[in-house]
Chemist: 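Below you will find the structure I want to go over with you.
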Protein chains: 2
Amino acid sequence: MNETKHGHEEDPATALRQTSLRVTKQRVAVLEAVRVHPHADTETVIRSVRETLPAVSHQAVYDSLHTLTEVGLVRCIQPSGSVARYERRIGDNHHHLVCRSCGLIVDVDCTVGQAPCLTPSHDAGFVIEQAEVTFWGLCPDCAVSGAAMVGDDHRSAV
Amino acid sequence: MNETKHGHEEDPATALRQTSLRVTKQRVAVLEAVRVHPHADTETVIRSVRETLPAVSHQAVYDSLHTLTEVGLVRCIQPSGSVARYERRIGDNHHHLVCRSCGLIVDVDCTVGQAPCLTPSHDAGFVIEQAEVTFWGLCPDCAVSGAAMVGDDHRSAV
DNA sequence: CTGCTTCTTTTGAATCAGTCAAGGAAAGCG
DNA sequence: CGCTTTCCTTGACTGATTCAAAAGAAGCAG
């Protein structure tokens with residue numbers, strides 16, 4: 001549905017062309033899937049892509065995700081205990097809130113912004129490129145329903 | 001084996017007893033291994049443990065690490081692209097510097113300390129328990145030797 | 001210190017995410 | 001339209017981690 005009316009801005013095909021990658025329907029579908037499902041894991045992307053392209057191989061999706069990550073069209077995050085997840089929002093260095101109970105991931109902007117998070121006390125001689133911040137806690141739903149029973153052993157994400 | 005001179009402080013057996021876990025030689029060895037090899041992955045722990053206990057099963061190590069993590073005697077970290085790594089936790093919420101090239105992990109204290117890193121702009125209703133900060137970059141060695149040849153699989157993110 | 005109960009460890013197989021490799025298909029170019 | 005290069009499909013494979021059943025130790029009572 002709602003096809004390209006303007007076909008710019010975040011249009012998958014355009015984005016791909018700009019990185020001089022070949023525009024294949026698989027890649028377009030993967031990009032679209034990542035946009036539709038923020039923080040989706042690979043399996044979710046595969047399922048989503050197969051809604052429009054039933055015959056895609058999982059390998060094509062893995063490969064597309066890697067390629068797209070390399071050229072910077074998607075970003076890959078892997079909170080502890082979770083499989084790889086991808087997101088379309090890139091460029092800004094936003095961070096993530098992860099629910100310990102259900103695995104829900106939500107974006108947060110780095111208010112305090114730049115300085116504090118980007119300057120560790122002593123850098124041990126490292127050349128620092130990026131600071132990645134992950135906030136762990138409970139999402140609203142889990143905080144309510146699971147407040148009492150949380151705390152044992154669910155590493156089950158999603 | 002520098003045996004108990006004072007037998008307190010960080011003595012594995014004592015620590016275990018205090019958490020009402022059974023004191024087994026496997027667990028003691030695992031705790032010791034984690035202390036000796038900061039940020040060791042499971043395989044390293046297994047090898048280290050087998051130096052003194054040649055017959056330990058890998059399963060015992062996996063299980064010990066999980067149990068010890070649960071009771072808070074060790075902490076598990078998993079930077080993107082890395083397998084699980086463990087460290088003897090100190091209760092302080094220190095952070096990590098990870099080398100993109102060789103994977104080296106180094107501890108850093110959270111200078112600015114408390115506030116900034118622990119308060120995202122808007123918490124989306126989450127109950128936040130912890131902020132985890134990972135600094136990505138190049139360790140001194142890789143920054144020098146690899147400065148030119150690095151860049152195979154990572155363009156500087158943000 | 002002897003036996004019992006419960007928690008741990010061993011053993012060995014299984015699962016799961018992700019990867020490798022070779023041949024067939026399709027994008028982009030002229 | 002046909003070629004070249006890049007991409008996708010197929011199917012097997014790896015490596016980290018987990019499951020499950022049975023044997024083995026820790027801690028406790030007697």
Chemist: Out of R35(A), H37(A), H96(A), which one pairs with E87(A) under the side chain to side chain donor-acceptor pair (under 3.5 Å) rule?
Modeler: H96(A)

Chemist: From the set dG28(C), dT9(D), dG18(C), return the single nucleotide nearest to any side-chain atom of V23(A).
Modeler: dG28(C)

Chemist: Take V61(A) and Y62(B), find for each the nucleotide of DNA chain D with the closest heavy atom, and name the residue whose nucleotide sits nearer the 5' end.
Modeler: V61(A)

Chemist: Ignoring backbone atoms, establish whether T67(A) has a side-chain N or O less than 4.0 Å from OP1 or OP2 of dC7(D).
Modeler: no

Chemist: I need the NE2-C1' distance between H58(A) and dG11(D), as an integer number of Å.
Modeler: 9 Å

Chemist: Taking CG from L68(A) and P from dC7(D), how many angstroms apart are they, rounded to a whole number?
Modeler: 11 Å

Chemist: Measure from the side chain of S57(A), starting at C-beta and using heavy atoms only, and say which of dT10(C), dA16(D), dC8(D) lies closest.
Modeler: dC8(D)

Chemist: Could you tell me whether a side-chain N or O of R75(A) sits under 3.5 Å from a main-chain N or O of T69(A), the two making a donor and an acceptor?
Modeler: no

Chemist: From the options dA16(D), dA17(C), dT9(C), select the nucleotide whose nearest atom is closest to the side chain of V83(A).
Modeler: dA17(C)

Chemist: Determine: side-chain N/O of T42(A) to OP1/OP2 of dA17(C), distance under 4.0 Å, yes or no.
Modeler: no

Chemist: I need the CG-P distance between D63(B) and dT18(D), as an integer number of Å.
Modeler: 10 Å

Chemist: Return yes if some donor-acceptor pair links the side-chain N/O of S82(A) with the main-chain N/O of Q78(A) below 3.5 Å, else return no.
Modeler: no

Chemist: Quickly work out the R17(A) CZ to dT6(D) P distance and round it to whole Å.
Modeler: 18 Å

Chemist: Kindly point out which of dA17(C), dC8(D), dG12(C) is positioned nearest to the side chain of Q59(B)?
Modeler: dG12(C)

Chemist: Please state how far atom CG in L65(A) lies from atom P in dC7(D), giving the value in whole angstrom units.
Modeler: 15 Å

Chemist: Among dC8(D), dA16(D), dT8(C), which nucleotide sits nearest the side chain of L21(B)?
Modeler: dT8(C)

Chemist: Whole angstroms only, please: what is the CZ-C1' distance between R85(A) and dG18(C)?
Modeler: 15 Å

Chemist: Considering just the side-chain nitrogens and oxygens of H66(A), establish if one lies under 4.0 Å of OP1 or OP2 belonging to dG18(C).
Modeler: no

Chemist: Whether the side chain of R50(B) engages the backbone of V56(B) through a donor-acceptor N/O pair (distance < 3.5 Å, no angle test) should be reported.
Modeler: yes

Chemist: Can you tell me which nucleotide in dC7(D), dG12(C), dA17(C) comes closest to the side chain of R22(A)?
Modeler: dC7(D)

Chemist: Over how many whole Å does the gap from L53(B) atom CG to dA25(D) atom C1' extend?
Modeler: 13 Å

Chemist: Using atom CZ of R27(A) as one end and atom P of dT6(D) as the other, report the distance to the nearest whole Å.
Modeler: 11 Å

Chemist: Is any side-chain N of the basic residue among R47(A) and E43(A) closer than 4.0 Å to the acidic one's carboxylate O?
Modeler: yes

